[in-house]
Amino acid sequence: MKKITSHLYQLSLGFVNAFLIEDDEQGLTLVDTGTPGSLPKIFAQMEKAGKDPRDIRRIIVTHAHTDHTGSAAAISKELDIPVWAHADTARLVERGLPGDAALHVSPGLLNQVIYQLFIRRGGSTIDPFTITRLLNDGEVLPGGVRVIYTPGHSAGHLALLLQTDRVLIAADICANAAGLHWRTVYEDRELGRQSILKAAAFDFDMAVFGHGGPLTSAANTRLHAKFA
Ligand SMILES: [Zn+2]
Ligand SMILES: [Zn+2]
């Protein structure tokens with residue numbers, strides 16, 4: 001588990017990241033859950049960093065894809081905690097679906113390879129789970145976490161802005177693996193571009209992604225410059 005800011009940690013789960021928000025009053029919030037079977041990895045990384053997994057109060061899933069929701073059912077059941085998400089994500093995961101729209105592979109050979117290896121074979125179902133709180137665009141959660149509705153990569157995709165730490169959890173609006181670039185697939189890449197620019201208009205310095213490493217400075221300016 002890697003400390004990003006005073007309130008944010010990144011958990012590396014193979015090719016995908018999950019995040020832990022730590023707030024004095026709200027306790028721990030797990031953002032995304034990795035692929036199916038990631039519960040032991042998440043718990044072990046937390047324990048190694050001196051955090052008790054039993055202190056997780058809630059899960060937020062950024063979108064329905066298997067690499068983000070794959071262990072949500074198991075963790076929420078194990079800890080008896082609620083899961084929050086956008087209504088479009090709820091509609092999918094409650095039926096056990098990581099998505100129901102056609103995906104378009106982004107330009108480049110590497111994206112084709114990643115798509116064939118990880119996404120096409122990633123499985124078309126997940127263990128269903130219930131979303132107990134629907135998150136809406138513009139809402140600021142206790143602890144100062146702003147919800148930014150950012151569809152395009154996936155229906156119901158949310159980015160989360162930790163306003164006090166000026167860090168954006170960008171999830172899969174794009175990726176930062178071997179440079180800042182498109183995520184491998186989009187349901188609607190032009191809508192995805194608009195969502196990146198919408199998020200980039202907020203005030204933050206750092207950004208973390210579902211795939212790849214963090215952007216550690218001027219992240220909003222760099223996102224805007226890359227995708228405008
Ligand atoms: Zn995704
Ligand atoms: Zn992903």
Side-chain angles (χ1 to χ4, degrees), residues 1-23 27-76 78-79 81 83 85 98 110-111 113-115 117-119 121-123 126 145 150 153-154 157-162 165-185 199 204-217 219 222-223:
M1 203 163 82
K2 176 178 176 173
K3 189 165 191 168
I4 304 291
T5 65
S6 51
H7 298 95
L8 183 66
Y9 297 84
Q10 177 170 303
L11 298 129
S12 299
L13 305 168
F15 74 102
V16 66
N17 301 313
F19 302 93
L20 197 64
I21 302 172
E22 185 173 47
D23 181 82
L28 297 175
T29 302
L30 179 64
V31 178
D32 289 340
T33 63
T35 51
S38 297
L39 180 152
K41 284 188 212 165
I42 291 171
F43 284 17
Q45 286 188 33
M46 287 182 66
E47 281 160 1
K48 202 175 165 193
K51 310 281 179 204
D52 187 347
R54 313 252 148 221
D55 290 339
I56 302 174
R57 293 285 167 262
R58 66 197 69 78
I59 298 168
I60 296 176
V61 289
T62 58
H63 62 299
H65 289 167
T66 309
D67 50 333
H68 301 256
T69 57
S71 297
I75 296 171
S76 70
E78 173 70 22
L79 300 178
I81 53 173
V83 190
L110 185 61
N111 285 322
V113 172
I114 294 171
Y115 175 70
L117 284 178
F118 294 106
I119 296 172
R121 298 178 194 170
I126 51 170
V145 178
T150 44
H153 169 69
S154 171
H157 190 286
L158 298 177
L160 300 171
L161 177 63
L162 276 65
D165 290 7
R166 300 182 64 242
V167 56
L168 180 77
I169 301 176
D172 283 4
I173 61 171
C174 58
N176 189 40
L180 194 58
H181 53 74
W182 295 114
R183 182 64 191 120
T184 307
V185 291
F204 56 90
D205 195 42
M206 298 177 69
V208 291
F209 301 89
H211 306 273
L215 276 181
T216 54
S217 67
R222 288 158 78 180
L223 281 166

Quick one: list whatever passes side-chain contact (heavy atoms from CB on, under 4.5 Å) with [X], sequence neighbours left out.
X: S71; answer: T33, S38, I75
X: R54; answer: D52, E78, L79
X: A73; answer: D127, F129
X: T184; answer: N111, I114, Y115, I119

Taking only residues two or more places apart in sequence, or in another chain, which ones meet [X] in a side chain to side chain donor-acceptor pair (under 3.5 Å)?
X: H157; value: T150
X: H7; value: D165
X: D32; value: T62, H68
X: S76; value: none

I need the [X] [atom1] to [Y] [atom2] distance, nearest 0.5 Å.
X: T29; Y: L20; atom1: OG1; atom2: CG; result: 7.5 Å
X: D55; Y: L30; atom1: CG; atom2: CG; result: 13.0 Å
X: Y9; Y: I21; atom1: OH; atom2: CD1; result: 12.5 Å
X: I56; Y: I42; atom1: CD1; atom2: CD1; result: 7.0 Å
X: F43; Y: L11; atom1: CZ; atom2: CG; result: 11.0 Å

Shortest non-hydrogen separation from [X] to [Y] and the atoms involved:
X: N17; Y: G212; value: ND2-O, 2.9 Å
X: S217; Y: R222; value: O-NH1, 2.9 Å
X: L168; Y: A199; value: CD2-CB, 4.1 Å
X: M46; Y: P53; value: CE-CA, 3.7 Å
X: A64; Y: S154; value: N-OG, 4.2 Å
X: G27; Y: R57; value: CA-CG, 4.4 Å

Residues two or more places apart in sequence or in another chain: which of them pass salt bridge (Lys or Arg N to Asp or Glu O under 4.0 Å) with K51?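 Applying salt bridge (Lys or Arg N to Asp or Glu O under 4.0 Å) to K51 gives E22.
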
Those residues that, when tested against R166, pass salt bridge (Lys or Arg N to Asp or Glu O under 4.0 Å) (two or more places apart):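 Scan of R166 (salt bridge (Lys or Arg N to Asp or Glu O under 4.0 Å), adjacent residues dropped) gives D203.
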
Quick one: are [X] and [Y] in side-chain contact, heavy atoms under 4.5 Å?
X: N176; Y: P214; answer: no
X: F209; Y: L215; answer: yes
X: M206; Y: L8; answer: no
X: I81; Y: I59; answer: yes
X: V16; Y: H211; answer: yes

Taking Q45 for the side chain and S12 for the main chain, is one N or O donor matched with an acceptor at less than 3.5 Å?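 Checked: pair present.
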
D172 and H63: side chain donor to acceptor below 3.5 Å: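 There is such a pair (donor and acceptor under 3.5 Å, judged by atom type) between the side chains of D172 and H63.
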
Worked check of side-chain contact (heavy atoms from CB on, under 4.5 Å) between L223 and F204: CA-CA 11 Å; L223 281 166; F204 56 90; 3.9 Å; yes

Output, in order, the C-alpha distance, side-chain angles, deciding distance and verdict of side-chain contact (heavy atoms from CB on, under 4.5 Å) for V31 and L160. CA-CA 9 Å; V31 178; L160 300 171; 4.0 Å; yes

Can you pull the salt bridge (Lys or Arg N to Asp or Glu O under 4.0 Å) pairs that have at least one residue in residues 4-14, sequence neighbours excluded?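 Every candidate salt bridge (Lys or Arg N to Asp or Glu O under 4.0 Å) pair involving residues 4-14 fails, so no pair, neighbours aside, qualifies.
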
